[in-house]
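Structure record follows, encoded as structure tokens.
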Amino acid sequence: MADSVDRVFVHALNTVKKIPKTGASRPPPSDRLRLYGLYKQAMEGDVDGVMEKPTAGPFLTAEELQRERDKWDAWNAQKGLSRTEAKRRYVEALIETMYRYANTTDAIELVTELEFVWNQIKHNTPSSTDSSPKATASSNKARRQFQQPLSGSEGPMKILSPMSEQDEAELRSQKLVDVDDAVEESRELKSSRWQKKVERAVTKLSAEVAALREQITTGREWRSKRDRSFHAWFGWILWVMLKHLVVDCALLAIVLIWMRKRKDRRLEDLVRSTLKLIREYVQKVLPTR
């Protein structure tokens with residue numbers, strides 16, 4: 001049952017990826033947050049131990065902080081749900097939301113297809129035994145009564161009939177066919193088990209890829225916000241100014257050495273006078289100790 005829910009959950013995620021291409025109207029924030037909370041619960045479990053509630057920081061505006069807290073609250077609202085149950089609720093919530101806001105033919109076809117796939121497995125329940133213990137006991141008792149040997153015999157009575165060689169050959173042929181059928185059924189059973197294992201592995205891999213894609217997207221958004229912050233711009237400007245200052249000083253030193261070899265001290269005297277003026281200015285401006 002869990003494997004079927006996983007397959008429909010992956011189908012629902014693929015449906016969500018196709019929604020922007022259909023031109024369907026965007027649901028309100030409350031519905032989007034509900035789907036987000038169910039998705040995170042289905043992918044990562046309870047929010048406790050995964051991430052703390054967002055707090056104010058230098059890189060977040062008030063609007064961004066409120067948006068991150070709303071997402072955290074939506075995830076925390078699904079606390080305690082198993083991953084399978086969260087996937088079931090996500091699929092049902094997505095179908096309900098799409099039916100309310102799907103206003104294009106493509107979007108209606110997507111939700112209809114998803115609902116059809118979901119209806120195939122949502123009512124599945126584990127198979128139960130066909131007979132009760134009492135019925136089993138009575139059946140065993142009747143079997144024992146039927147096999148009760150007659151007095152003076154060594155076992156249940158058998159009815160024997162004469163059989164020709166052709167009948168014996170047909171009987172042997174039928175037994176061989178039955179054996180071949182049993183071997184073929186065994187092979188099909190092994191192939192079915194292997195196919196289920198492969199499907200389970202593919203479903204798990206698809207879910208992990210979706211989670212990894214979500215984490216990569218979140219990291220890119222956070223890095224983009226950090227690069228656009230005031231501190232990032234100020235640090236970049238300061239680094240550019242410092243780099244140009246170091247380059248200018250190096251060029252000035254090279255020119256001074258070259259002019260000194262040519263015994264031309266005009267630039268050197270100008271630099272010394274400039275440094276002297278700067279030192280006197282600093283001594284006047286800064287308070288004396």
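Basis for what follows: all heavy atoms, side chains included, without hydrogens, waters or symmetry-related copies.
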Counting only pairs under 3.5 Å, give me each side-chain donor-acceptor contact of residues 56-66, with atom names and distances, residues two or more places apart or in other chains.
from, atom 1, to, atom 2, distance (Å)
T61, OG1, E64, N, 3.3
E64, OE1, T61, N, 3.3
Q66, NE2, D70, OD1, 3.0

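With sequence neighbours left out, the side chain to side chain contact (heavy atoms under 4.5 Å, CB included) criterion links V10 to N14, T203, S206. Every side chain to side chain contact (heavy atoms under 4.5 Å, CB included) that N76 has, sequence neighbours left out, goes to V47, D48, W72, K79. For the side-chain hydrogen bond (donor to acceptor under 3.5 Å, both in side chains) test, residues two or more places apart in sequence or in another chain that qualify with N119 are K122. Not counting sequence neighbours, the partners of Q78 by the side chain to side chain contact (heavy atoms under 4.5 Å, CB included) test are L38, Q41, L81.
Atom CD1 of residue I95 and atom OG1 of residue T112 lie 9.5 Å apart, to the nearest 0.5 angstrom. The distance from the OG atom of S4 to the NZ atom of K87 is 12.0 Å, given to the nearest 0.5 Å. K18 contributes atom NZ, which lies 11.0 Å from atom CD of E109 (distance to the nearest 0.5 angstrom). Summarising the geometry, atom NE2 belonging to H11 is positioned 14.5 Å from atom CG belonging to D6; distances are rounded to the nearest 0.5 Å. Taken from CD1 in I108 to CD in E115, the straight-line distance is 12.0 Å, to the nearest 0.5 Å. Within the model, atoms CE of M51 and CD of E44 stand 9.0 Å from one another, a figure rounded to the nearest 0.5 Å.
Within the structure, every pair that satisfies the side chain to side chain donor-acceptor pair (under 3.5 Å) test and touches residues 270-280, not counting sequence neighbours, is listed here: E268-R272.
With a 4.5 Å cut-off on side-chain heavy atoms, L252 and L256 count as touching. Looking only at side-chain heavy atoms (C-beta outward), M98 and T15 come within less than 4.5 Å of each other. Here the side chains of R26 and R32 are in contact, with some heavy-atom distance below 4.5 Å. Residues F9 and M43 meet the side-chain proximity criterion, which asks for heavy atoms closer than 4.5 Å. The side-chain heavy atoms of W118 and L94, taken from C-beta on, include no pair separated by under 4.5 Å. Taking the side chain as every heavy atom from C-beta outward, R100 and D31 approach each other to under 4.5 Å. At a threshold of 4.5 Å between non-hydrogen side-chain atoms, the residues W258 and I254 do not count as touching. Residues K53 and D73 have side chains in contact (heavy-atom distance under 4.5 Å, counting atoms from C-beta outward).
Under the 4.5 Å side-chain heavy-atom criterion for Ile, Leu, Val, Met, Phe, Trp and Tyr, L267 and L275 are members of the same hydrophobic cluster. A continuous path of hydrophobic side-chain contacts links V117 to I121 [ILVMFWY only; heavy atoms under 4.5 Å]. Under the 4.5 Å side-chain contact rule for hydrophobic residues, V209 and V202 do not share a cluster. Using a 4.5 Å cut-off between side-chain heavy atoms of Ile, Leu, Val, Met, Phe, Trp and Tyr, with links allowed through other members, Y99 and V91 fall into the same hydrophobic cluster. Under a hydrophobic-cluster definition in which Ile, Leu, Val, Met, Phe, Trp and Tyr are linked whenever side-chain heavy atoms come within less than 4.5 Å, directly or via other members, V240 and W233 are assigned to the same cluster.
Between R83 and A42, the shortest heavy-atom distance links the atoms CD-O, 3.5 Å. Between A93 and L35, the shortest heavy-atom distance links the atoms CB-CD2, 3.7 Å. A107 approaches A102 most closely through the heavy-atom pair CB-CB, 3.7 Å.
A donor-acceptor pair under 3.5 Å is formed between the side chain of W75 and the backbone N or O of G45.
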Requested in this report: Could you check I19 against Y101 for side-chain contact (heavy atoms from CB on, under 4.5 Å), going step by step and ending with a plain yes or no?
Outcome: CA-CA 11 Å; I19 289 177; Y101 299 100; over 6 Å; no

Query raised in the report: Checking side-chain contact (heavy atoms from CB on, under 4.5 Å) for the pair M241/L245: CA distance, chi angles, key distance, verdict?
Result: CA-CA 6 Å; M241 293 177 62; L245 181 61; over 6 Å; no

**Report entry** Stepwise side-chain contact (heavy atoms from CB on, under 4.5 Å) test for L114 and V8
**Finding:** CA-CA 8 Å; L114 177 61; V8 179; 4.3 Å; yes

